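Since the structure comes first, as structure tokens, the remarks are kept for the end.
Note: hydrogens, waters and symmetry copies are ignored here, and every other heavy atom, side chains too, is used. First the proteins, then the strands, lettered A, B, ... as listed; each starts at 1. Keep in mind that what you see is a predicted model, and the values were worked out from it rather than measured.
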Amino acid sequence: MSARLPRLGDVTGKSTNLFYRIVFLRNFAAHADHVFDELPQRDLSSLNSQLSSYLRSGNPNGTLGLFHKMHRASPDLSSHTFTPVLGACALLSYPETGRQVHALMIKQGAETGTISKTALINMYSKYGYLADSVTVFESVEDKDVVSWNALLSGFLRNGKGKEALGVFAAMYRERVEISEFTLCSVVKTCASLKILQQGKQVHAMVVVTGRDLVVLGTAMIGFYSSVGLMSEAMKVYMILNVHTDEVMLNSLISGCIRNRNYKEAFLLMSRQRPSARVLTSSLAGCSDNSDLWIGKQIHCVALRNGFVSDSKLCNGLLDMYGKCGQIVQARTLFSAMPCKSVVSWTSMIDAYAVNGDGVKALEIFREMCEEGSGVLPNSVTFLVVLSACAHAGLVEEGKECFGMMKEKYRLVPGTEHYVCFIDILSKAGDTEEIWRLVERMMEKSDQNIPCAIWVAVLSACSLNMDVTRGEYVARRLMEETGPVNSSTYVLVSNFYAAIGKWDMVEEMRGKLKEKGFVKAAGHSSVIV
DNA sequence: ATAGGGTTAG
């Protein structure tokens, strides 16, 4: 690039070159590519910078395409080649490609140095392969703040909030000098765990260090929104008054919607032309709150701004109508979508499922599985389908789907899938099969089964009056979670009630009182 | 060349 740039100045004044300049400014990536083609020598370092240029301009396929050519042409590639390629792999979620690139790095001796390894940590965590991420991290000889941050945000990305905080604690112990990136991830972790005290402490650290207040302020707004403290979120926004930007405003708006501060949300929206992005996140808030009326208003705003072809926004609308019981509206939107992604299909299946139409849900699912649909069901899809089957008592179909998930689609069922499947078997009265499943799981996991599984098994025992197994599970659950989880007492108490052991019911109620647990008041989620 | 803030399905 730098070798070519001066020539632009040489020829200013002519109309052709004015055009050239405009193209240059407007489409930097395309121009960079063009200039690159004119280079007499394609030396490795310029090829490497081309790889990252593609990545930066949002073209990971370009990075991989060039990398393949380079790989064919020359066996000598440097670590500067691999880092952008790893970034492209992570973006495209091709775990196999990523592993192959890693293997090639080892073969060429390029899997050394903190920067290369940090790129690997990042890639594996984006695939969800946390174990590999940790292995690479442990092999880093000179761990710097960036590699620590990559590990921290990896845990955060994969929903392991507690582990992420553990990494932060380790950084403190190891006296790593933390950066604003660290603080940012920690704030987000506090938000995901909804831990108010720790979040406030980090807020104090942010104020003390005083760095990058726009980005960290946005994260703080997200944190206060997630713990329901909109007044604090607003305060952060007000304090940074002059330095706010669109991202920050969007964070505040979606926080307002999530917390039902609609007046403020729409007032803030009127400050600037709302983006499709903020409307999409606002719709998610409406879905969570079942607020059809607000959802419709946002739909109107989207129509007025011409966002109806935004696929993510359409998915948000589809989900909102489905969650608010407007199945006809949801179906109409779904049918009109030209590009249906796995999210669209899953939302549509879920819309039927939550509205009690298991048969229709399965019909959509089968259509999705056909060749022509262009998408593959993933683990979320199967969770939705299994819960549809459990809900509607579709036992045979549920068994078939669970089998398909493992055999045809090679997906590994998670705890949530097993919970649904146990529920299905329970509806069929098949506690024998449930028990065989539990025994197999115990064998595989060295007796450690997640509590959620025991909870599902106990419910099955209650429903089917399986006294012996139920009492075993009840005891196990009490040992493992009783002291810290009030809902365990309620669950176990319900089991004893179901089998008619009233003395045990009383004992559970007594224990509940002893611990000072108070039953939360019930409330309806329907907006009148 | 590696890490960070606001979007969609559980």
What residues form a side-chain contact (heavy atoms from CB on, under 4.5 Å) with Leu333(A), not counting sequence neighbours? Leu317(A), Tyr321(A)
Which residues satisfy the side-chain contact (heavy atoms from CB on, under 4.5 Å) test with Ser78(A), sequence neighbours excluded? Leu44(A), Asn48(A), His80(A), Thr81(A)
Contacts table for residues 380-387 of chain A: side-chain donor-acceptor under 3.5 angstrom, sequence neighbours left out:
from: Thr381(A); atom 1: OG1; to: Thr346(A); atom 2: OG1; distance (Å): 3.0
from: Thr381(A); atom 1: OG1; to: Asn378(A); atom 2: N; distance (Å): 3.1
from: Thr381(A); atom 1: OG1; to: Asn378(A); atom 2: OD1; distance (Å): 3.0
from: Ser387(A); atom 1: OG; to: Val384(A); atom 2: O; distance (Å): 3.2

Closest to the [X] side chain, choosing from [options]:
X	options	result
Arg258(A)	dG5(B), dT7(B), dA9(B)	dT7(B)
Met248(A)	dG4(B), dG5(B), dA3(B)	dG5(B)
Thr280(A)	dT7(B), dG5(B), dA3(B)	dT7(B)
His80(A)	dT7(B), dA1(B), dT8(B)	dA1(B)
Thr83(A)	dG10(B), dT7(B), dA1(B)	dA1(B)
Ser52(A)	dA1(B), dA3(B), dG10(B)	dA1(B)
Glu180(A)	dA9(B), dG4(B), dT8(B)	dG4(B)
Ser254(A)	dG4(B), dA9(B), dT7(B)	dT7(B)
Ala150(A)	dG5(B), dG10(B), dA3(B)	dA3(B)

Which pairs count as salt bridge (charged side-chain N to carboxylate O under 4.0 Å, His left out) when at least one residue sits in residues 311-327 of chain A, sequence neighbours excluded? Asp319(A)-Lys323(A)
Determine which pairs satisfy salt bridge (charged side-chain N to carboxylate O under 4.0 Å, His left out) with at least one residue from residues 223-247 of chain A, sequence neighbours left out, and list them in order. Glu232(A)-Lys235(A)
Leu268(A) vs Leu252(A) side-chain heavy atoms within contact, under 4.5 Å: yes
What is the nucleic acid contact for [X], judged by heavy atoms within less than 4.0 Å: base, sugar-phosphate only, or nothing?
X	answer
Val214(A)	base
Val380(A)	base
Asn378(A)	base
Ser79(A)	base
Ser179(A)	base
Asp245(A)	base

Could you list the donor-acceptor pairs under 3.5 angstrom formed by side chains in residues 348-358 of chain A, with sequence neighbours left out?
from: Tyr352(A); atom 1: OH; to: Arg331(A); atom 2: NH1; distance (Å): 3.1
from: Asn355(A); atom 1: ND2; to: Gly322(A); atom 2: O; distance (Å): 3.2
from: Asn355(A); atom 1: ND2; to: Ala351(A); atom 2: O; distance (Å): 2.6
from: Asp357(A); atom 1: OD1; to: Lys360(A); atom 2: N; distance (Å): 3.1

Centres of the Tyr224(A) and His203(A) rings: under 6.0 Å? yes
Indicate, with yes or no, if the rings of Trp345(A) and Phe365(A) have centres closer together than 6.0 Å. no
In [range], which ones come under 4.0 Å of DNA chain B, going by heavy atoms?
range	result
residues 167-178 of chain A	none
residues 300-320 of chain A	Lys312(A), Asn315(A), Asp319(A)
residues 120-133 of chain A	Asn122(A)
residues 344-364 of chain A	Thr346(A), Ser347(A), Asp350(A)

Please set out all donor-acceptor pairs under 3.5 angstrom arising from side-chain atoms of residues 158-176 of chain A, sequence neighbours excluded.
from: Asn158(A); atom 1: ND2; to: Ser125(A); atom 2: O; distance (Å): 3.0
from: Asn158(A); atom 1: ND2; to: Gly154(A); atom 2: O; distance (Å): 2.9

For atom [atom1] of [X] and atom [atom2] of [N], their distance in whole Å:
X	N	atom1	atom2	value
Leu279(A)	dT7(B)	CG	P	12 Å
Leu86(A)	dT2(B)	CG	C1'	10 Å
Met405(A)	dG10(B)	CE	C1'	11 Å
Phe334(A)	dT8(B)	CZ	P	19 Å
Glu141(A)	dT2(B)	CD	C1'	17 Å
Asp142(A)	dA3(B)	CG	P	19 Å
Ile253(A)	dT7(B)	CD1	P	11 Å
Leu151(A)	dG4(B)	CG	C1'	15 Å

With a 3.5 Å cut-off and heavy atoms only, can you find an N or O donor on one side and an acceptor on the other between the side chain of Asn149(A) and the base of dG4(B)? no
dG5(B) base / Asp212(A) side chain donor-acceptor hit below 3.5 Å: no
Measure the acute angle between the ring planes of Tyr124(A) and Tyr127(A), then classify it against the limits of 30° and 60° as parallel, tilted or perpendicular. perpendicular
Is it true that Ser52(A) and Ser49(A) share a donor-acceptor pair across their side chains at a distance under 3.5 Å? no
I'd like to know if the side chain of Ser179(A) pairs up with that of Asn149(A) as donor and acceptor (distance under 3.5 Å, no hydrogens or angles considered). yes
Any donor-acceptor pair under 3.5 Å linking the side chain of Lys406(A) with the backbone of Leu411(A)? no
Taking only N and O in the side chain of [X], is any of them less than 4.0 Å away from OP1 or OP2 of [N]?
X	N	answer
Arg157(A)	dG4(B)	yes
Lys117(A)	dT2(B)	no
Lys323(A)	dT8(B)	no

Contacts table for residues 83-92 of chain A: side-chain donor-acceptor under 3.5 angstrom, sequence neighbours left out:
from: Thr83(A); atom 1: OG1; to: Ser79(A); atom 2: O; distance (Å): 3.3

Go through the steps for Asp43(A) and Ser46(A) under the test side-chain hydrogen bond (donor to acceptor under 3.5 Å, both in side chains), then give the verdict. CA-CA 6 Å; Asp43(A) 60 291; Ser46(A) 64; 3.2 Å; yes
